[in-house]
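The structure under discussion appears below in the form of structure tokens.
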Amino acid sequence: MKISDVNAMTPDVFVQTFGGLYEHSPWVAEGALAARPFADVDAMLATFSDVVRNAGEEAQLALVRAHPELGHRAGIDPDLTAESASEQASAGLDRLTPAEYERFKTLNAAYGTAFSMPFVICVRKVAAPGQVAKTVIMDEMERRLGGTPEAELKEALSQIDAIAGLRLKDLVTS
């Protein structure tokens, strides 16, 4: 669809269409409604991002916590959205070896203990040509374990914006 179609949507259709850009958090789309009309997709995404940045830490943490852990075995997470399942599959996270699964399980547990939220990364932007995405993700998890809670929240929100941006661009053209 085009940005003109977005700008013409009723509020209910807008939230229904874009409420899933930010995982299980339609409040972001609801908060962006008043900023219409959007000039283009980038302006729309900036508005969504501003809604999150102005929401306060409690809402931001809830948004991060709405994201699934990476590398779960298929069928284990009943709340995994179709978008998340597809994104994880694109990085090979649905095809882990037993050793890779154990490494993800250990890293997810350590990250959750350290930061009280799941590790979030835009898996569609992870690997450069010739790299194995799941290895890059695990290495990034290990690196980010050394961060502070404040830095990790900021990074998680940045990664969530990247995820939402790709999802939005899958739906709308300027």
Just verifying a value: how many Å separate Phe14 CZ and Met44 CE, rounded to the nearest 0.5 Å?
4.0 Å

For Tyr111 and Glu69, does a side-chain donor sit closer than 3.5 Å to a side-chain acceptor?
no

Should the pair Glu140-Arg143 be classified as a salt bridge under the 4.0 Å nitrogen-to-oxygen rule?
yes

Grab the two heavy atoms, one from Ile3 and one from Ala39, that are nearest each other, plus how far apart they are.
CG2-O, 4.1 Å

Tyr22 side, atom OH; Ile163 side, atom CD1 - distance, nearest 0.5 Å
9.5 Å

Under the criterion side-chain contact (heavy atoms from CB on, under 4.5 Å), I'd like the reasoning laid out for Val6 against Phe18: C-alpha separation, chi angles, the key distance, then a yes or no.
CA-CA 10 Å; Val6 172; Phe18 301 110; 3.6 Å; yes

Is a donor on one side and an acceptor on the other found under 3.5 Å between the side chain of Asn108 and the backbone of Pro118?
no

Looking at Asn7 and Pro37, what are the two nearest heavy atoms and their distance?
OD1-CA, 3.2 Å

State whether the side chain of Arg144 and the backbone N or O of Val120 hold a donor-acceptor pair below 3.5 Å, judged by distance alone.
yes

Derivation and outcome, side-chain contact (heavy atoms from CB on, under 4.5 Å), residues Leu21 and Val28:
CA-CA 9 Å; Leu21 292 180; Val28 180; over 6 Å; no

May I have the step-by-step check of side-chain contact (heavy atoms from CB on, under 4.5 Å) for Glu102 and Lys105, ending in yes or no?
CA-CA 5 Å; Glu102 286 304 317; Lys105 187 175 166 184; 4.1 Å; yes

Would a hydrophobic clustering, with Ile, Leu, Val, Met, Phe, Trp and Tyr connected at side-chain separations under 4.5 Å, put Trp27 with Leu153?
yes

When every non-hydrogen atom of Ala114 is compared with those of Leu145, the smallest separation belongs to CB-CD2, 4.3 Å

Would you give the length of the straight line joining atom CG of Leu70 to atom CD1 of Ile137, rounded to the nearest 0.5 angstrom?
6.0 Å

In terms of side-chain geometry, is the basic nitrogen of Asp42 or Lys169 positioned less than 4.0 Å from the acidic oxygen of its partner?
yes

Distance-only check: which donor-acceptor pairs under 3.5 Å involve side-chain atoms of residues 55-64, not counting sequence neighbours?
residue	atom	partner	partner atom	Å
Gln60	NE2	Val52	O	3.0
Gln60	NE2	Arg53	O	3.3

Side-chain touch Met117/Pro149, heavy atoms, less than 4.5 angstrom:
no

side-chain contact (heavy atoms from CB on, under 4.5 Å) between Leu96 and Met138, worked out
CA-CA 12 Å; Leu96 298 175; Met138 288 185 280; 5.6 Å; no

To the nearest 0.5 Å, tell me how far Thr47 OG1 sits from Leu33 CG.
11.0 Å

Apply the test salt bridge (charged side-chain N to carboxylate O under 4.0 Å, His left out) to residues Glu83 and Arg167: give CA-CA distance (whole Å), side-chain angles for both, the deciding distance (0.1 Å), then the verdict.
CA-CA 8 Å; Glu83 293 87 352; Arg167 290 177 178 180; 5.3 Å; no

When rounded to the nearest 0.5 Å, the distance separating CG of Leu171 from CG of Leu166 is 11.0 Å

Nearest 0.5 angstrom please: Ile160 CD1 to Ile121 CD1, how far?
12.0 Å

Nearest heavy-atom contact between Ser49 and Asp161 is OG-OD2, 2.7 Å

Among the clusters formed by ILVMFWY side chains lying less than 4.5 Å apart, do Tyr101 and Val123 turn up in the same one?
yes

Do Phe104 and Met141 make a side-chain contact, defined as non-hydrogen atoms from C-beta onward lying under 4.5 Å apart?
yes

Using modelled atom types only, decide if a donor and an acceptor are shared between the side chain of Asp5 and the backbone of Lys2 within a distance under 3.5 Å.
yes

Inspect the surroundings of CD in Gln16 and state if more than 12 heavy atoms from other residues, nucleotides or ligands are less than 6.0 Å away.
no

So does Lys154 get a backbone contact from the side chain of Ser158, meaning a donor-acceptor N/O pair under 3.5 Å?
no

Using the test salt bridge (charged side-chain N to carboxylate O under 4.0 Å, His left out), find all partners of Asp12 that sit at least two apart in sequence or belong to another chain.
none

I'd like to know if the side chain of Arg36 and the backbone of Met9 have a donor-acceptor N/O pair within less than 3.5 Å.
yes

